[in-house]
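Letters A, B, ... are given to chains in the order of the sequence lines, protein chains preceding strands, and every chain is numbered from 1.
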Amino acid sequence: GDSVTQMEGPVTLSEEAFLTINCTYTATGYPSLFWYVQYPGEGLQLLLKATKADDKGSNKGFEATYRKETTSFHLEKGSVQVSDSAVYFCALSVTGGGNKLTFGTGTQLKVEL
Amino acid sequence: NAGVMQNPRHLVRRRGQEARLRCSPMKGHSHVYWYRQLPEEGLKFMVYLQKENIIDESGMPKERFSAEFPKEGPSILRIQQVVRGDSAAYFCASSLTGEGLFFGSGTQLSVL
């Protein structure tokens with residue numbers, strides 16, 4: 001079946017450090033890929049998405065590129081801030097609308113001054 | 001402009017009791033989804049509802065679990081005769097068109 005594997009956390013970085021959170025997937029067909037973020041005490045929010053191979057999703061300084069050859073969708077940010085501290089979820093959907101999602105286990109990011 | 005509201009945030013039940021989890025979607029949203037996150041696992045799709053209709057319940061356990069989204073009021077996820085394995089975080093999401101989900105903060109169910 002469909003599945004998403006992402007790196008375990010917590011990931012602890014200093015402010016302004018470079019961030020990479022790895023995500024790989026297994027799916028039938030050609031899924032759409034997503035990153036969701038959950039800030040403390042809040043619900044999950046869509047951070048970015050990509051719907052086909054080589055697409056790059058970007059938002060708030062975060063980027064991820066849909067790599068079909070490596071079945072990956074790694075999340076990157078060049079310079080993290082304390083306010084980026086949250087849990088990040090990678091997800092896929094094999095339905096067109098992205099409403100029936102398969103999630104990874106989440107990666108907690110802690111950014112310190 | 002309130003987001004998706006779930007209550008309670010934390011629910012404690014003893015084995016054999018019933019658990020009722022509530023979800024009020026964003027204003028104007030008629031599509032509701034329920035997801036469950038078991039310990040050490042990712043969120044997993046359970047059920048997709050529109051007003052008064054179950055559209056897709058392929059992720060729902062066959063027994064003890066039911067969901068509804070009445071014409072008026074919140075969506076309810078009901079778990080009868082809870083067991084320890086039901087302990088999890090339950091997330092609700094809503095959508096205006098069936099695309100683009102907005103999630104609530106979740107209900108943490110603990111079964112003693």
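- Around atom CD of A:Gln81, more than 12 heavy atoms belonging to other residues, nucleotides or ligands sit under 6.0 Å away.
- For B:Glu41, the CD atom counts as densely surrounded, since its 6.0 Å shell holds more than 12 non-hydrogen atoms of other residues, nucleotides or ligands.
- The cluster map of Ile, Leu, Val, Met, Phe, Trp and Tyr, joined by side-chain heavy atoms under 4.5 Å apart, puts A:Val111 and A:Trp35 in the same cluster.
- Between B:Phe45 and A:Leu101 there is no side-chain heavy-atom pair separated by less than 4.5 Å.
- Taking a 6.0 Å sphere around NZ of B:Lys51, one finds it holds more than 12 heavy atoms contributed by other residues, nucleotides or ligands.
- Annotation: maximal heavy-atom pairing with chain B below 4.5 Å, among A:Val4, A:Thr102, A:Thr105, occurs at A:Thr105.
- The heavy-atom pair separating B:Ser58 from A:Lys100 by the smallest distance is OG-NZ, 2.9 Å.
- The ring of B:Phe103 has its center closer than 6.0 angstrom to the ring center of A:Tyr36.
- Interface remark: A:Gln38 contributes side-chain atoms only to the contact with chain B (heavy atom separation under 4.5 Å).
- Connection of A:Phe89 to B:Met46 is not established within any shared hydrophobic cluster, with ILVMFWY side chains joined at heavy-atom distances below 4.5 Å, either directly or through further cluster members.
- Transitive grouping of hydrophobic side chains (ILVMFWY, heavy atoms separated by less than 4.5 Å) keeps B:Leu77 and B:Tyr33 in distinct clusters.
- When the side chains of ILVMFWY residues are joined at heavy-atom separations under 4.5 Å, either directly or via intervening members, B:Phe91 and A:Phe103 end up in a single hydrophobic cluster.
- At a 4.5 Å heavy-atom cutoff, the contact between B:Gln37 and chain A is made by side-chain atoms alone.
- The distance from atom CG of A:Leu44 to atom CG of B:Leu43, rounded to the nearest 0.5 Å, is 6.0 Å.
- For the pair B:Ser105 and A:Gly43, the tightest heavy-atom approach, listed with the atom from each and the gap, is OG-N, 3.4 Å.
- Among A:Gly41, A:Gly106, A:Cys90, A:Ala91, the residue making the largest number of heavy-atom pairs under 4.5 Å with chain B is A:Gly41.
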